[in-house]
Each structure stands twice: as C-alpha cells, then as structure tokens.
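Numbering of ligands and ligand atoms starts at 1, following listing order.
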Amino acid sequence: MKPSKQFAAYLEARKSSEVLYGDIQKHVLAKAFKPSGRRTDCMHPSAMVKSDWCHRAQYFELLDPPARPATTFNRENVFEMGHAIHRKWQGWLQEMGRLGGEWRCRNCKHQWWYEATPLLCPACASYVIEYDEVTLNADPLMIGGHTDGWCPEDNCLIEIKSMGLGSLRFEDPKFLRRFEVHTEGRGISWDLDRMWKQFNRPLPAAYRQGQLYLYIARHFEDLDVDRITFLYEFKATQESKAFTVLYDEDVSEPLITAAKAIADAIRDRSLPAPACNIDPENGCRKCRTMTATAA
Ligand SMILES: [Zn+2]
Ligand SMILES: [Zn+2]
C-alpha cells in the first residue's frame, strides 16, 4: 500500500541524521495527526472569502466532510509562528485592558465570556488567565468562525495577520506571484522587501473576511462593532502595519445569500444541490470530482 502524504512526511522526518531535530519533527507531525477540533459541520469564513469558493463543492463537503489534508513539518512550523504572533498582539491588548471576549483560566480550566479584560478568574481567583478569542456563529446560515479579538471601547474587531514567504504561499499565492523575480539560470526568488513597502491595504480575501466577521458579529452575536482593524506583521523584519476598515454590509450580501442557499439545501434534501458558481457550465476543478464521489 502506498503511504499517505502525511505518513511520508513522518518517515522523511525519521531519516534526518540530526537526531534531536528529527525527533522534534516527529513530535510536531505526531501532534498534527491528532483531531484538530476544527468543525466540519459548518462553513468557515476563511474558506468562503476565497475567490475559488465553490457553492456546490461546499455543499458536498458538508454532506461528506473530507479527510484532513496531509501536512508537513514546514507547514506546521508556519502555522505555529502565526499563532505565536497572534498571542503576542492579544497579550499586549490584554495588558492594556482593551480586550473582551472568551477567557480561559489556566489553573482551573474555567471558561467564561466577559465584555472587558478580567484581572482574575471568577471561579478560583487565579491571575493566570488567557484569551480564547471571540466565536462568531451564524447558526441559521451554518457559518462558524472566530475573530482574533474584540476591543469593546473601540467598537472594533481585530484580525492579526503575519506575512512571510511561507504564509503567503498558503494564503495568497496569486498576490505573491506579483513579486517574483526571475534570474537567468538561478530560478525564481521573491522580492519580499518590495512587497512589504507596497503593501498599503488588506488583501482582498482578508478584506472580505473582515466584513463577513463584522456582519456576523452585528447580526448574530449582538456585538456593538462598526470597524475591524487588521494588524499585519512582516515576519522577515518584524515591522508592522495596521489598516482599519469600516463596516460595509453590501460586501457580505452575496456570501450571505450563497450560504443561505447551501444551508437550505443541506436541511431539506428534496432541494437540488447548489450549482457551481465558478464554472456554471462544466463545474469547477473542485466540485467536478466531488459530485462524482457523492452521487
Ligand atoms: Zn480559575
Ligand atoms: Zn464548482
């Protein structure tokens, strides 16, 4: 039997002649094998805002959730760095007393919602409390997600993004391609310095994601917010930039309409599966194969 991609990465890690380094890679990949806790029974805003989000493929994915994609040590390393950058900015906002949302006590594991920054755990009075972000659910639309932060005094949601070659490769390869440098005989490199200097607004998918979060926060979570601040950190130099975007309901309307049609078809199977919005004639790369397996 051919080993899965995931298992192949694991075997590759075992081959490293650097014993400790190889053991770290094995440890990280073994952790990645465990269930992620990411819900498979709802649509995720991060997927919905991509330019290739197919309504039909989403419908089949909800009916029959796909297996978790294979990962590599490098990929896990990129994600972990992203998480560390999130924790850093959230930690500063917490120190400033400007953060609200879900909180967790590291001592007694108590979890609670608080519309400001708590100083101690209400259950055990421990000071060791950590931020658990803000869940944004729109159950009637089957959308589930969470935003990186909420600053109640500023009527503001927070989205933290780290930018580097690794994260852009996963998140926005199209944008990255604009900064490719082709050198005769030496292949392709990327002018990330130029990318960072010219970077003056959130990337389009991030902008749509922020608007969708605001829509859900206002309509389904009853949060008094009218803007979202994007905090971007450039991994190469640790320089940062911020962009604040005001709420614009119109941006999310097409996504809300699509989500409603998909959710309706999931709940009432006598309705036909939604059509492909990417290639209505032939179906797109994603939904063509899925239709065949689910039918
Ligand atoms: Zn506690
Ligand atoms: Zn499609």
Examine distances only and state if a side-chain atom of Asn277 and a backbone atom of Trp53 form a donor-acceptor pair shorter than 3.5 Å. yes
Backbone N/O of Trp196 and side chain of Lys241: donor-acceptor pair under 3.5 Å: yes
Between the CD atom in Glu233 and the NZ atom in Lys161, the distance rounded to the nearest 0.5 Å is 14.0 Å
Given a cut-off of 2.8 Å, the protein N, O or S atoms lying below it from the Zn ion (ligand 2) are Cys54 SG, Cys276 SG, Cys284 SG, Cys287 SG
Parallel, tilted or perpendicular: which describes the rings of Tyr215 and His219, with under 30° parallel and over 60° perpendicular? parallel
Indicate yes or no for a side-chain donor-acceptor contact from Arg104 to the backbone of Asp132 under 3.5 Å, with no hydrogens or angles considered. no
Can you classify the ring geometry of Phe179 versus Phe175 as parallel (below 30°), tilted (30 to 60°) or perpendicular (above 60°)? perpendicular
Between Trp190 and Arg169, is there a cation-pi geometry (under 6.0 Å to ring centre, at most 45° from the normal)? yes
Is the side chain of Arg218 donor-acceptor paired with the backbone N or O of Glu249 at a distance under 3.5 Å, no angle test? no
Which protein N, O or S atoms lie under 2.8 Å from the Zn ion (ligand 1), given by chain and residue number? Cys105 SG, Cys108 SG, Cys121 SG, Cys124 SG
Full working for ring-ring contact (aromatic ring centres under 6.0 Å, His included) between Phe243 and Phe199: CA-CA 11 Å; Phe243 311 110; Phe199 183 56; 5.5 Å; yes
